[in-house]
Student: 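One structure, as structure tokens, below. Some questions next.
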Protein chains: 2
Amino acid sequence: MANSSSGDSVVDRIVRLISAFPQDVNALQLSDLASRAGLPLTTTHRLVGQLAGHGLLETAPGGMVRPGLRLWELVNRASPALALRQAAMPFMEDIQQVLNQNVNLAVLDGWEALFVERLSRRGSVANRAQVAGRMPIHISSAGLALMAHQDKAMQQEYLGQFTDPEGRLAAADVRALLAEAAHQGFAQLKGVVDAGTWGIAVPVLDRRQRAVASLGVVVPLQEMRLQALVPALQTAARGIARQLADA
Amino acid sequence: MANSSSGDSVVDRIVRLISAFPQDVNALQLSDLASRAGLPLTTTHRLVGQLAGHGLLETAPGGMVRPGLRLWELVNRASPALALRQAAMPFMEDIQQVLNQNVNLAVLDGWEALFVERLSRRGSVANRAQVAGRMPIHISSAGLALMAHQDKAMQQEYLGQFTDPEGRLAAADVRALLAEAAHQGFAQLKGVVDAGTWGIAVPVLDRRQRAVASLGVVVPLQEMRLQALVPALQTAARGIARQLADA
DNA sequence: GCTGGACTTCCGGTGAACGGAAGGACTGGC
DNA sequence: GCCAGTCCTTCCGTTCACCGGAAGTCCAGC
């Protein structure tokens with residue numbers, strides 16, 4: 001917008017401002033926020049003031065800034081993620097009660113799995129997936145389950161650009177994982193994300209058999225109930241799909 | 001910002017645009033969105049384009065617009081509501097498993113209770129509280145539990161401005177409800193929100209004994225376990241408070 | 001009392017945002 | 001097949017809201 005020497009618009013700035021908050025929820029200093037967002041202090045001050053006027057941010061005395069309740073409210077009142085979450089929650093709780101381990105719900109966004117919800121319990125094994133957190137497709141069972149049930153075209157595009165920063169996997173390896181997941185109807189990764197944990201995920205399919213979400217669990221490697229576990233996840237996934245179609 | 005004939009800034013417009021989405025999650029037509037937000041069509045078109053460029057909104061072919069995943073992600077990655085939710089979820093699940101009824105978590109915002117989380121189950125009685133939904137203080141047990149444990153000054157201010165649009169309650173009635181809730185340590189409303197349901201809520205207190213949140217349940221009127229129910233809620237609330245203090 | 005760091009206010013220039021008007025795209029009625 | 005209606009999209013000259021350096025204020029810590 002007007003006169004930005006950097007040539008970005010007000011929208012850009014607002015997005016940068018909101019994105020500047022790290023996962024840890026605590027408030028940021030105004031000047032800290034300014035540097036994280038890459039904005040001049042004065043500009044940050046003015047924008048924060050405006051946003052705070054709408055309750056999208058909150059300023060504590062002393063210049064600390066944190067995301068506001070109203071922002072949370074607005075976004076969580078109407079969001080595609082919310083509809084999905086609402087449809088899935090009862091089924092996720094059912095799964096959790098039976099297994100007493102982590103349950104998660106993810107969608108595909110870009111070339112990553114975005115986790116929409118996670119239920120965990122004291123005593124569950126470690127679970128890297130955070131709510132609103134992301135994981136690369138090829139090292140999350142959720143990501144594999146999602147990508148294995150996409151258009152051929154999208155899979156090609158994904159594999160075409162695939163590079164593993166750590167160089168452990170080639171595109172061909174991922175292709176094999178996807179093929180296996182598509183064939184079996186579920187994806188699994190043993191000890192990949194964390195040694196000692198086992199991720200298993202099934203797709204939630206729409207009418208065209210495309211994955212709109214994935215439902216997964218993280219269990220200890222010793223878990224023996226695979227025979228019962230996968231059907232339970234698949235049944236739940238079907239229930240979620242039905243809920244989504246009805247709404 | 002620049003040149004708005006109506007004198008509002010770009011920030012104002014963006015807020016209006018995002019607020020324009022109603023609870024129901026479905027997408028809006030561009031022109032519909034424009035009129036709901038009270039913005040000229042051209043302006044709406046431009047802003048939506050910019051916001052969509054950042055993924056804060058998504059445009060479907062045909063001009064339909066809906067909130068974007070990235071917006072949800074940004075907000076749910078860092079928010080005071082999220083920290084509260086995370087601290088409370090395990091306790092809410094415990095309560096739910098025992099009672100098998102609706103459990104909700106609310107905070108005070110303005111003169112309303114804002115519901116941060118709700119767990120419900122097939123077979124639960126009706127529950128008006130929606131996630132990210134609001135209810136007036138005087139007709140929600142959550143609201144009463146929250147207000148009953150605020151500063152005297154804030155209570156005075158609240159009662160001073162109180163008017164019941166339906167004219168059924170006077171400020172003195174609400175004062176009595178608050179006094180009872182403060183004395184008992186929990187708030188209850190029988191058949192007020194919905195005939196046949198009974199709302200019970202306890203405050204989550206910080207070190208200064210101020211309510212930062214409320215934990216509540218909605219049960220059928222026939223529920224007989226009040227003797228056990230309130231202590232269970234209070235124990236859970238104390239657990240949540242401990243989690244919050246530790247974090 | 002002084003120094004450093006952080007927040008806040010001021011203010012003139014300027015270019016991004018504004019929105020009317022015109023152009024497409026699509027649909028349904030006849 | 002044409003026409004009317006509805007909606008989305010693009011164009012472009014004018015304007016004023018935003019920008020950000022500089023100066024002011026506040027508050028700890030030494």
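A, B, ... follow the sequence lines: proteins, then strands. Residue 1 opens every chain. Side chains are part of it too, since the values below use all heavy atoms of this structure and drop only hydrogens, waters and symmetry mates.
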Student: Report yes if a side-chain nitrogen or oxygen of A/Arg46 is closer than 4.0 Å to either non-bridging phosphate oxygen (OP1 or OP2) of C/dT8; otherwise report no.
Tutor: no
Student: If you restrict it to nitrogen or oxygen atoms, what contacts under 3.5 Å exist between nucleotides 25-27 of chain D and the protein, and what is each distance?
Tutor:
none

Student: Kindly indicate whether the side chain of A/Arg210, heavy atoms from C-beta on, has any atom under 4.5 Å from the side chain of A/Leu205.
Tutor: no
Student: Do the non-hydrogen side-chain atoms of B/Arg36 and B/Pro22 ever get within less than 4.5 Å of each other?
Tutor: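 They are in side-chain contact.
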Student: Under 4.5 Å between any side-chain heavy atoms of B/Pro67 and B/Glu58, yes or no?
Tutor: no
Student: Please determine whether a side-chain nitrogen of the Lys or Arg among A/Arg85 and B/Glu117 lies less than 4.0 Å from a carboxylate oxygen of the Asp or Glu.
Tutor: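 A salt bridge is present here (some side-chain N lies under 4.0 Å from a carboxylate O).
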Student: Can you check the A/Leu51 CG to D/dC18 P distance for me, whole Å?
Tutor: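 That distance rounds to 12 Å.
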Student: Apply side-chain contact (heavy atoms from CB on, under 4.5 Å) to the pair A/Leu69 and B/Leu114, showing each step before the final yes or no.
Tutor: CA-CA 9 Å; A/Leu69 262 183; B/Leu114 174 63; 4.1 Å; yes
Student: Looking at D/dC19, I'd like to know if its phosphate oxygens (OP1 or OP2) sit under 4.0 Å from a side-chain N or O belonging to A/Arg13.
Tutor: yes
Student: So does A/Thr43 get a side-chain nitrogen or oxygen closer than 4.0 Å to the phosphate oxygens (OP1/OP2) of D/dC19?
Tutor: no
Student: Are any side-chain N or O atoms of B/Gln155 and backbone N or O atoms of B/Gln150, one a donor and one an acceptor, separated by less than 3.5 Å?
Tutor: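 Yes.
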Student: I need the CG-C1' distance between B/Leu47 and C/dC18, as an integer number of Å.
Tutor: 10 Å
Student: So do the side chains of A/His138 and A/Leu177 get within less than 4.5 Å of each other, counting heavy atoms only?
Tutor: no
Student: Using nucleotides 5-10 of chain D, report all nitrogen or oxygen pairs with the protein that are shorter than 3.5 Å.
Tutor:
{"from": "D/dC8", "atom 1": "OP1", "to": "B/Leu30", "atom 2": "N", "distance (Å)": "2.8"}
{"from": "D/dC8", "atom 1": "OP2", "to": "B/Ser31", "atom 2": "N", "distance (Å)": "2.9"}
{"from": "D/dC8", "atom 1": "OP2", "to": "B/Ser31", "atom 2": "OG", "distance (Å)": "3.0"}
{"from": "D/dT9", "atom 1": "OP2", "to": "B/His45", "atom 2": "NE2", "distance (Å)": "3.4"}

Student: Name all residues meeting the salt bridge (Lys or Arg N to Asp or Glu O under 4.0 Å) criterion together with B/Glu93; count only those two or more places apart in sequence or in a different chain, and write none if there are none.
Tutor: A/Arg121
